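Notes follow the structure.
Only this structure's heavy atoms are used, side chains among them; waters, hydrogens and symmetry mates stay out. We count residues from 1, following the sequence as given. Note that this is a predicted model, so its numbers are computed, not measured. First listed ligand is number 1; within each ligand, the first listed atom is number 1.
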Amino acid sequence: MHDGAQGEPASNGCESTQLRNQFLETVFLIAAGLRKREELFAANPRRYPYCNELRLGIQRFAALHAQHAEDNQALRNLLDGLSESGFIRTWCTRDLSTWIEQWTPAAREELGNLECLELGPFAEVGGSFFNITGDCLEFLRLNGNGNTDDFHENRVYSMLRDAGQAAYVFGRKFLILHPTLSWEERTAAAHANLAVLEVDQLDQGEVAHIDGAWVQELVDTAYERAPLGLKVCPVCGWTMSLHGLRPMCLDARCTVRVDADEYENLPDVPPNSYRLRRGVMRFIAKPGILELQIAHKVQAFGLPFELWPLLDTCDILITLPGGHTIAVDAKDHHDIDRLVRSIESDDMREAMAASEAIYVVPADTPPPRRRAANRRLAHKPGYSIKTLRELTQHLKTEMGDA
Ligand SMILES: [Zn+2]
């Protein structure tokens, strides 16, 4: 399912709007700077992504922090992270509310109900790389700066939704299974000659309902020509390029897994290939890898399942032999506190009329954090957080009981 954040309230003209406006402007400069820096990396990985907005945003934040921080320790904490990369690592990887937690009560009260303070981190750092998050893009979008990644993601989502359930399932799976297309594959897909493509093991008959012209339009909308000289990312299947000596994908979690020597040995992206546009890869295909892993596990048990039922009310609905049903959502990120908050106001189990709702998190989410999160969900019976391995174990147990 898709997460969303709220818009900023309009300023109300009282005295305290000054600090609010200064803070919002500063956050905007930082968010826009992070995005520009990431775009500069992508456009020319060999050049240092010098970025005025980020520099300026950091300076303004330092000035506000110096003015409103409660004590010297807070200032020292800031000074430790004033270089661009230090700032990204120290500040941008934390919830926005923590940026002001060392400010005076008066200053915090003035900012109190700014909705951007609900946002999670703006960047994820892996090794010496960073990638901006959906929250960063959401903040920019809500603050009037349209973003091409969001634009492409939204266009593809509305194409999928408008086409109905069978096409939705076919199309979303197609994008997850094909982060890149060779020229031959793209030509075949554009002629709805799907037999040329790798067999989709999860097909449950939806391919029979697909209109060729629609597939062609989907491919045109979702893909772009891949630049020359790229390698195939061994983690997500998208493209990797070198920044100086460092290989980069659009997700920091891919980037940390490949070093310069390994990069040399990766397969080349063939000339004339196409790849998913960044926003489609980032928001649809990359999180979808975990969704399909879950579906493959369920299929291996021989259990009936539906992918993205009711146009994505959950990711997978599993039916056990005794009629027990489980609505599953895959959450391919590590912000487990935010996940708990979103589950608290979620009604996935009720919306799917399912016996249970399970949110699957990445395998490397630390067990103590998962246990703590499940304790916090104790007041919401039928809702839990599990890894794929725990879900698998749970299915085995439930099948044994049935
Ligand atoms: Zn990757």
**Request:** Can you see which heavy atom on I210 is nearest to which on A167, and at what distance?
**Result:** CD1-CA, 3.7 Å
**Asked** In the protein, how many N/O/S atoms are under 2.8 Å from the Zn ion (ligand 1)?
**Response** 4
**Prompt:** Parallel under 30°, tilted from 30 to 60°, perpendicular over 60°: which one fits the rings of Y383 and Y359?
**Reply:** parallel
**Prompt:** Can you tell me if CZ on R257 sees more than 12 non-hydrogen neighbours from other groups inside 6.0 Å?
**Reply:** no
**Request:** Using side chain to side chain donor-acceptor pair (under 3.5 Å) as the criterion, list what pairs up with E109, not counting sequence neighbours.
**Result:** none
**Message:** Among residues at least two apart in sequence or on other chains, which ones pass side chain to side chain contact (heavy atoms under 4.5 Å, CB included) with D220?
**Reply:** R186, Q216
**Prompt:** Can you list the residues that meet the side chain to side chain donor-acceptor pair (under 3.5 Å) rule with E124, with sequence neighbours excluded?
**Reply:** none
